[in-house]
Amino acid sequence: MARILITSAIPYINGIKHLGNLVGSQLPADLYARYMRDRGNEVMFICATDEHGTPAELAAAKADKPVEEFCAEMHQTQARIAEGFRLSFDHFGRSSSPQNHALTQHLAGKLAEAGLIEEVSERQVYSHADGRFLPDRYIEGTCPNCGYDKARGDQCENCTKQLDPTDLIEPRSAISGSTDLEVRETKHLYLRQSTMKDQLDSWINSKTDWPVLTTSIAKKWLHDGDGLQDRGITRDLNWGVPVKKGNEDWPGMEGKVFYVWFDAPIEYIAATHEWADAHNKDDADWLRWWRTDKGADDVRYVQFMGKDNVPFHTLSFPATIMGSGEPWKLVDYIKSFNYLNYDGGQFSTSQGRGVFQDQALEILPADYWRWWLLSHAPESSDSEFTWENFQAGVNKDLADVLGNFVSRVTKFCRSKFGEEVPEGGTLGDTEQTLISELTKRIRAYEDHMDAMEVRKSAAELRAIWVAGNEYLQSAAPWSVFKTDPETAAAQIRLSLNLIRLYAVLSEPFIPDASARILEALQTEDDSWPDDIVTALSVLPAGHAFTVPDVLFSKITDEQREGWAEQFSGTRE
RNA sequence: GGGCCUGUAGCUCAAUUGGUUAGAGCAGAGCGCUCAUAACGCUUUGGUUGCGGGUUCAAGUCCUGCCGGGCCUACCA
């Protein structure tokens with residue numbers, strides 16, 4: 001039994017996320033966590049909300065709520081949605097937790113002791129009307145290069161020229177529109193990750209099994225231009241982790257907080273601490289996942305994230321961990337994803353384009369989304385959601401191939417033998433053929449799941465479902481029954497056991513349907529089929545079951561057309 | 001501008017890292033079955049692998065030049 005630590009990139013707090021966010025990290029992480037648990041491993045699956053930063057403050061202001069209250073409510077909302085999608089986090093934490101405050105401050109103190117923190121005085125734009133310093137992107141003005149009047153302070157979207165906010169002609173706040181801006185001197189802490197470049201480089205180079213997407217992004221940041229740059233890890237904001245050196249005040253840093261990208265990944269660790277506290281456990285219980293000197297040396301740590309998160313997880317966070325000089329667990333494998341597009345364009349939060357997570361759950365059960373999204377996960381390149389593909393995939397795979405198989409077997413049994421597993425008869429060559437095919441396919445499924453090959457796993461699972469229909473067609477118990485009911489009984493006994501096997505194998509993808517099948521079969525035996533023959537004899541002759549309701553009803557053309565219309569434009 | 005990824009059947013994707021005749025699912029066509037959610041099974045149509053050069057006994061795979069799509073480019077996260 002292995003110990004697997006799994007983290008999903010933590011979703012930002014400023015609103016409800018769309019399906020792209022789900023398929024890019026949380027859903028595949030959940031698939032892997034469920035599978036690893038099903039295989040009997042000890043799993044710690046952690047996620048959280050990422051709550052700090054300017055956008056959170058602005059979203060709270062827009063909602064006319066104090067930021068603490070806004071974040072607390074939105075955390076609850078996101079937690080409910082995660083529950084709705086059956087994301088099986090061991091803990092869903094908050095980056096604003098006291099545990100994260102303490103750990104972030106502690107690690108900053110350690111980095112300072114190691115000489116890896118530098119104080120830098122810099123000039124930032126302050127807006128009197130907004131009462132805050134403005135990040136470059138929140139300053140708008142006329143581009144000095146092309147004259148575009150909505151250029152942002154970091155870059156002109158029109159001519160793509162990189163800008164400094166002070167380059168802008170007639171700069172104004174993007175928040176309030178105020179032109180009452182002032183350049184102020186302010187002091188910030190920088191993480192001297194440039195001094196760790198070689199260490200990070202050799203670490204990345206040692207990860208030869210990582211996806212190209214992951215390592216190429218890391219190498220680009222390490223070697224591009226002047227190489228890895230130092231990074232500011234503090235901000236002039238109210239909402240965040242106050243800058244401290246461990247428990248001590250940090251002279252000159254009063255009123256400042258750590259930058260959200262500094263404290264967000266630390267929350268992976270702190271959330272595990274939150275988990276321990278929430279379950280009345282000791283520090284040792286969470287430290288054994290994270291400290292290699294306290295039991296974590298045999299932990300395999302896997303991170304899931306969208307490609308936009310890769311630099312922070314391959315460079316900044318490892319620099320924090322390594323630089324601390326303490327034996328915190330470094331990530332062993334990073335599974336990164338491309339983006340999911342919506343019907344020919346990007347999902348857009350601001351334009352309300354695409355399907356948001358709360359809306360998805362309102363129109364269809366979680367399993368529909370889980371199956372389609374995972375079987376189309378954007379692994380090798382961006383992938384695309386269209387209503388036609390979604391309808392076709394869900395109807396064919398879930399309703400016709402799997403759902404109908406369960407239906408035809410249980411209903412046939414009920415009509416010919418009653419609602420219990422029939423006895424008598426023996427198995428023949430057709431059954432041997434099925435068993436050898438299942439054995440081969442299930443081992444392939446395990447290999448793909450172990451390798452986190454999401455789409456290939458889904459395709460193999462589907463092929464396993466298809467094998468059941470092929471078997472029924474060649475065994476044809478409905479004709480055999482007319483002349484040889486004993487043999488038909490043996491065939492149906494095997495088929496009923498096959499349904500249980502499907503429930504077990506499918507659990508990581510479609511946990512609700514899996515549970516409903518096991519309930520209908522009136523069994524709690526969900527053990528993994530290490531041996532197929534054994535697994536196909538779990539339900540003995542005489543075992544009672546019930547015929548389940550339709551597992552997956554089909555998406556109609558009318559529904560599809562209605563939803564395509566409903567989600568094309570602005571969110572209600 | 002720079003870097004990276006990507007382009008394979010009408011659609012969504014494979015192809016053991018250079019090795020037989022480029023494979024699956026969906027959609028289309030034909031046949032079969034009648035237990036089942038008009039479901040299932042079998043057979044089948046469909047490709048000059050974006051385009052042009054090159055290396056090689058051998059190229060979807062490597063090199064090069066175009067064309068198209070996408071992402072990142074460090075103060076949104």
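Protein chains get the first letters and strands the later ones, always in sequence-line order, with residue 1 at the start of each. Predicted model only: the values in this text are computed from it and were never measured.
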- Could you measure between the two P atoms, the one in B/G60 and the one in B/A9, and give it in whole Å? 14 Å
- Query: With centres under 5.5 Å and planes under 30° as the test, does A/Phe412 stack with B/C35?
  - Reply: no
- Separation of A/Asp230 atom CG from B/A74 atom C1', in whole Å? 12 Å
- Could you give the distance separating B/G69 and B/A74 at their P atoms, to the nearest angstrom? 23 Å
- A/Lys220 has a side chain; which of B/C75, B/G70, B/G3 sits nearest to it? B/G3
- Could you identify which residues of residues 440-464 of chain A place a heavy atom less than 4.0 Å from some atom of RNA chain B, listed by residue number, or say none? A/Arg455, A/Lys456, A/Arg462
- Would one find a side-chain N or O of A/Tyr339 under 4.0 angstrom from OP1 or OP2 of B/C72? yes
- Query: When the nearest nucleotide of RNA chain B is assigned to A/Tyr12 and to A/Cys413 on a heavy-atom basis, which residue is associated with the more 5' position?
  - Reply: A/Cys413
- Any N/O donor-acceptor pair, A/Glu384 side-chain to B/C11 base, under 3.5 Å: no
- Query: Reading nucleotides 40-45 of chain B 5' to 3', which nucleotides get B (base under 4.0 Å from a protein heavy atom), which S (sugar-phosphate only), which -?
  - Reply: BSS---
- Nearest-angstrom distance from the residue atom CD of A/Glu57 to C1' of B/C75: 14 Å
- Intermediate values then yes/no, salt bridge (Lys or Arg N to Asp or Glu O under 4.0 Å), A/Arg462 and A/Asp397: CA-CA 7 Å; A/Arg462 185 190 192 280; A/Asp397 300 346; 2.6 Å; yes
- Whether A/His75 and A/Phe92 hold their rings parallel, tilted or perpendicular, with breakpoints at 30° and 60°: parallel
- Task: Can you establish whether the number of heavy atoms outside A/Asp549 located under 6.0 Å from its atom CG is more than 12?
- Result: no
- Task: Indicate yes or no for a side-chain donor-acceptor contact from A/Gln78 to the backbone of A/Gly15 under 3.5 Å, with no hydrogens or angles considered.
- Result: yes
- Message: Run the side-chain hydrogen bond (donor to acceptor under 3.5 Å, both in side chains) test on A/His223 and A/Asp201 for me, step by step, so that the C-alpha distance in whole Å, both residues' side-chain angles and the decisive distance to 0.1 Å come before the verdict.
- Response: CA-CA 9 Å; A/His223 301 297; A/Asp201 196 27; 3.1 Å; yes
- Message: Can you tell me if A/Lys411 touches the phosphate of B/U37, counting only side-chain N or O atoms and a distance under 4.0 Å to OP1 or OP2?
- Response: yes
- Note: for A/Asn338 and A/Asn309 on RNA chain B, the residue whose nearest nucleotide lies more 5' is A/Asn338
- Message: Taking the ring centre of each residue, are A/Phe390 and A/Trp369 less than 6.0 Å apart?
- Response: yes
- Message: Rounding to an integer number of Å, can you tell me how far A/Asp549 CG sits from B/U37 P?
- Response: 12 Å
- Query: Do the rings of A/Phe385 and A/Tyr342 sit parallel, tilted or perpendicular, given the 30° and 60° boundaries?
  - Reply: parallel
- Message: To the nearest 0.5 Å, what is the distance between CD1 on A/Ile510 and CG on A/Leu31?
- Response: 11.5 Å
- Task: State whether the number of non-hydrogen atoms from other residues, nucleotides or ligands found under 6.0 Å of A/Glu519 atom CD is greater than 12.
- Result: no
- Query: Across the strands shown, which category fits A/Leu551 at heavy-atom distances under 4.0 angstrom: base, sugar-phosphate, nothing?
  - Reply: base
- Task: Looking at every strand, decide which applies to A/Val550 at a 4.0 Å heavy-atom threshold: base, sugar-phosphate, or nothing.
- Result: base
- Query: For A/Asp263 and B/C75, what is the distance between atoms CG and P respectively, to the nearest whole Å?
  - Reply: 16 Å
- Spacing of A/Gln391 atom CD relative to B/U37 atom P, expressed in whole Å: 20 Å
- Inter-nucleotide P distance (B/G54, B/A59), Å rounded: 13 Å
- Item | Between B/A77 (C1') and A/Phe258 (CZ): distance, integer Å | 18 Å
- Message: Can you check the distance between B/C67 and B/C75, where both ends of the measurement are the P atom (answer in whole Å)?
- Response: 33 Å
- Quickly work out the A/Lys482 NZ to B/C35 C1' distance and round it to whole Å. 10 Å
- B/C11 and B/U16: how far apart are their P atoms, nearest whole angstrom? 23 Å
- Query: Which part of the nucleic acid, if any, lies within reach of A/Ser383 when heavy atoms closer than 4.0 Å are counted: base, sugar-phosphate only, or nothing?
  - Reply: sugar-phosphate
- Message: Could you tell me how far apart A/Lys416 (NZ) and B/C35 (P) are, to the nearest whole angstrom?
- Response: 7 Å
- Task: Measure from the side-chain heavy atoms of A/Arg231 and tell me the nearest of B/A77, B/A74, B/U37.
- Result: B/A74
- Indicate the ring-plane relationship of A/Phe417 and A/Phe412, choosing parallel, tilted or perpendicular according to the 30° and 60° boundaries. perpendicular
- Message: Stem finding on RNA chain B, please: runs of three or more consecutive Watson-Crick or G-U wobble pairs, both distances under 3.5 Å, sorted by first number.
- Response: B:1-7 with B:67-73, B:10-13 with B:23-26, B:28-32 with B:40-44, B:50-54 with B:62-66
- Item | C1' spacing across the pair B/U45 / B/G30, given as an integer number of angstrom | 10 Å
- For A/Phe133 and A/Tyr126, run ring pair (Phe, Tyr, Trp, His ring centres under 6.0 Å): C-alpha distance rounded to whole Å, both residues' side-chain angles, the deciding distance at 0.1 Å, then the answer. CA-CA 4 Å; A/Phe133 281 93; A/Tyr126 184 85; 5.1 Å; yes
- Query: Would you call B/U21 syn or anti, using the 90° rule around 0?
  - Reply: anti
- Item | Note, A/His52 side chain near A/Trp239 side chain (heavy atom, < 4.5 Å) | yes
- Message: Rounding to an integer number of angstrom, what distance separates B/G52 and B/C33 when you compare their P atoms?
- Response: 49 Å
- Do the ring planes of A/Trp261 and A/Phe312 sit parallel (below 30°), tilted (30 to 60°) or perpendicular (above 60°)? parallel
- When we call it a touch if two heavy atoms are under 4.0 Å apart, what does A/Gln124 touch: a base, just sugar-phosphate, or nothing? base
- Query: In terms of side-chain heavy atoms of A/Trp478, which of B/C75, B/C33, B/A77 is nearest?
  - Reply: B/C33
- Query: Quick one: do A/Glu140 and A/Arg152 make a salt bridge, cutoff under 4.0 Å?
  - Reply: no
- Item | Rounded C1' spacing from B/G18 to B/A38 in Å | 48 Å
